[in-house]
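To start, the structure itself, in structure tokens.
Owing to the predicted nature of the structure, the values given are computational and were not obtained by experimental measurement.
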Amino acid sequence: MSKPGAGGVVRARDHLPEHLAQRLERELDEGEGLLWVGRPDAGRLVRAQWFPFFVLAVMVMALGVAVFLGALDSLETLRRAAEAGGVPQREIVSARRFMWVGGVAGVLMQLPMVWALFFEPRRLRRQALHTIYAVTPARAIVLFVGARKTVERDYRADELTHLLRKERADGSGDLVFENARGGRPRPPSQGGPHGFYAVPGVLALEKLLRARFGDHGQRAG
């Protein structure tokens, strides 16, 4: 991770694995240098996301179990009614079949969701390890280098005039490009708000962007 504002141009190969450095260098225009380069802290991103995902997964799984137990309780009620002769046998058989199918289907429908929720933090970690953040004299870059596809987003000066910094006690944090793409935050399904996430020295990085692209309405929070 390079030091923002340390002066001069930095080399991608000094701060990134070789294959990521090569991919970033391919994105640069002729004569375009790097003022700062880094990656999100994968461990911090996972720690931040793991507990909410775990709680949601447990809630979904508990709902499925509750539906199944409710079906079992209803079956027991039907059994007792059948023994007492208060319900026609045909209705009992039909209701029993419906409850068994509904209970099992309810549990099975929860399994893919629970699986996704439990493994989402691992997906976030893999994504972070393949994400590059960079600042050049002309733009900020977010580059994801996947096995099957590469996604590059660049942010020019007019999109870097309003920044939202979320700084932690150790100096790391998130720097959100609040004004990027018309100022409308993207939904989580599209990657969430634009910005650099879980980077060390986030205040110095904000100062670098302010010094380079202007100081208009930055806020700390």
Side-chain angles (χ1 to χ4, degrees), residues 1-12 14-17 20-21 24 27-28 32-53 55 120-121 123-145 151-221:
M1 189 76 65
S2 61
K3 295 181 179 179
V9 176
V10 302
R11 283 167 32 98
D14 294 337
H15 307 285
L16 298 173
L20 293 181
L24 176 59
E27 295 291 334
L28 300 178
E32 185 177 22
L34 291 168
L35 301 178
W36 176 86
V37 64
R39 289 192 291 171
D41 184 333
R44 182 174 289 280
L45 284 178
V46 170
R47 288 193 297 272
Q49 296 294 329
W50 182 85
F51 184 72
F53 276 114
V55 171
E120 178 66 9
R123 186 194 68 81
L124 289 174
R125 178 179 179 81
R126 289 196 303 270
Q127 182 171 325
L129 292 174
H130 291 84
T131 296
I132 306 167
Y133 296 148
V135 178
T136 78
R139 55 182 171 151
I141 299 172
V142 176
L143 180 64
F144 171 74
V145 183
V151 180
E152 187 269 348
R153 298 185 180 92
D154 62 67
Y155 306 90
R156 302 289 173 167
D158 62 333
E159 297 176 309
L160 299 171
T161 55
H162 297 280
L163 306 178
L164 176 64
R165 170 169 44 92
K166 298 180 180 180
E167 186 177 2
R168 302 177 183 87
D170 62 0
S172 67
D174 308 328
L175 193 60
V176 179
F177 308 153
E178 195 176 39
N179 198 45
R181 304 298 188 261
R184 285 182 285 220
R186 296 179 301 163
S189 61
Q190 298 180 16
H194 301 264
F196 294 157
Y197 291 89
V199 293
V202 67
L203 176 58
L205 179 57
E206 181 193 20
K207 289 180 178 179
L208 172 65
L209 291 177
R210 282 197 281 113
R212 188 72 204 181
F213 302 108
D215 183 4
H216 304 285
Q218 278 74 15
R219 293 177 292 162

Using every non-hydrogen atom in the two residues, find where Leu34 and Ala12 come nearest and quote the distance to one decimal. CD1-CB, 3.8 Å
Step-by-step side-chain contact (heavy atoms from CB on, under 4.5 Å) determination, Val202 to Phe196: CA-CA 9 Å; Val202 67; Phe196 294 157; over 6 Å; no
Taking side chain to side chain donor-acceptor pair (under 3.5 Å) as the definition, give me every residue that meets it alongside Arg126, ordered by chain and number, with sequence neighbours left out. none
Classify the ring geometry of Trp36 against Tyr133: parallel below 30°, tilted from 30° to 60°, perpendicular beyond 60°. parallel
Would you please name every residue forming a salt bridge (Lys or Arg N to Asp or Glu O under 4.0 Å) with Arg139, sequence neighbours left out? Glu32, Glu152, Asp154
In Å, rounded to the nearest 0.5 Å, how long is the span from CG of Leu163 to CZ of Arg210? 8.0 Å
I want to check something: taking the side chain as every heavy atom from C-beta on, are Tyr197 and Thr131 in contact at a cut-off of under 4.5 Å? no
Give the minimum heavy-atom separation between Ala198 and Arg168, together with the two atoms involved. CA-NH1, 4.3 Å
Candidate pair Ile132 and Ile141, rule side-chain contact (heavy atoms from CB on, under 4.5 Å), full reasoning: CA-CA 8 Å; Ile132 306 167; Ile141 299 172; over 6 Å; no
Rounded at 0.5 Å granularity, tell me how far CG in Leu175 sits from NE2 in His194. 13.5 Å
Closest non-hydrogen atoms of Ala128 and Pro40, given as atom of the first, atom of the second and distance, are O-CG, 3.6 Å
Please report the closest heavy-atom contact between Phe177 and Glu159, naming both atoms and the distance. CB-O, 4.0 Å
Suppose we screen for salt bridge (Lys or Arg N to Asp or Glu O under 4.0 Å). Which residues come up paired with Asp170, at least two apart in sequence or across chains? Arg44
Side-chain contact, heavy-atom cut-off 4.5 Å: Val145 with Leu20? yes
Measuring only between side-chain heavy atoms, which start at C-beta, is Asp158 closer than 4.5 Å to Phe213? no
Atom pair CD (Glu206) and CG (Leu160), whose distance is rounded to the nearest 0.5 Å: 12.0 Å
Nearest 0.5 Å, what's the CG-CZ distance between Asp174 and Arg165? 11.5 Å
Gap between atom CG of Leu35 and atom CG of Leu205 - 0.5 Å precision: 10.5 Å
Tell me, do Leu143 and Glu27 make a side-chain contact under 4.5 Å, heavy atoms counted? yes
